[in-house]
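Heavy-atom basis, side chains included; hydrogens, waters and symmetry copies ignored. Read the numbers this way: they start at 1 and go in the same order the structure lists the ligands and their atoms. All values reported here derive from a predicted model rather than from experimental measurement.
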Amino acid sequence: MSGNAHVLYSYINLPEIKDNASLVFLEEGKHITFQIKRVYFIQNCNDKLDRGHHAHKKTIQALFCLKGSVDLYLSDGEMSTTVHLKSPTEGILLRPLVWHEMKHMTKETILFVAASAHFDEKDYIRNYQDFLSYIKDAHDFDE
Ligand code: T46
């Protein structure tokens, strides 16, 4: 880990009811602080290639690994860290303008994501140099 990686994400802990099964739930406004506009999940990853390799301009996301595991590489261009997700009850809140890559997903892995916005390709920054320029411009504008 380099820098204060906690700025890049925060953990979200979900309740689990255990009887003859495990029931995990999440509620908007309680466990998820943003309004959920979309959910999606990624499964059946059938090769060793990483996924992600982008940042979002505005979209906030909550990521949970329902099955298997995934390593999430996160960077804001200065600090970086890798978070290992392996439990449906422990996810992360990923803020906008954080470059993310999903590594080591397998056929077993099911990654569930709740997002604050509908799908919009214009919200993606898919080139790392463009990402660095975008955050530099945003910082210059703030000053
Ligand atoms: C993210 C990580 C964690 C849609 O049409 N609708 C959707 O809601 C999504 C999520 C994707 N798509 C399309 C866009 C691409 O043509 O599905 C295709 C694959 O998307 P992408 O290459 O962005 O997939 P990942 O696994 O690299 O990234 C996904 C999300 O797209 C992204 O927002 O943060 O999971």
Self-check item: Gap between atom CD of E101 and atom CZ of R51 - 0.5 Å precision
Solution: 13.0 Å

Quiz item: Distance from R126 atom CZ to H56 atom NE2, nearest 0.5 Å?
Solution: 7.5 Å

Anything under 3.5 Å between a donor and an acceptor, one on a side chain of residues 12-19, the other on a protein residue two or more places apart or in another chain? List them.
residue	atom	partner	partner atom	Å
E16	OE2	S22	OG	2.4
D19	OD1	A21	N	3.1

Practice problem: Quick one, list the residues around ligand 1 where some non-hydrogen atom comes in under 4.0 Å, by chain and residue number. | Solution: R38, Y40, I42, R51, G52, H54, H56, Q61, H100, M102, F119, Y124, R126

Exercise. Please work out whether the ring planes of W99 and F131 are parallel, tilted or perpendicular, with thresholds of 30° and 60°.
Key: tilted

Quiz item: Counting N and O atoms only, with roles assigned by atom type, does the side chain of T109 sit under 3.5 Å from a partner on the main chain of S69, one being a donor and the other an acceptor?
Solution: yes

Quiz item: What orientation do F64 and F112 show, parallel under 30°, tilted 30 to 60°, or perpendicular over 60°?
Solution: tilted

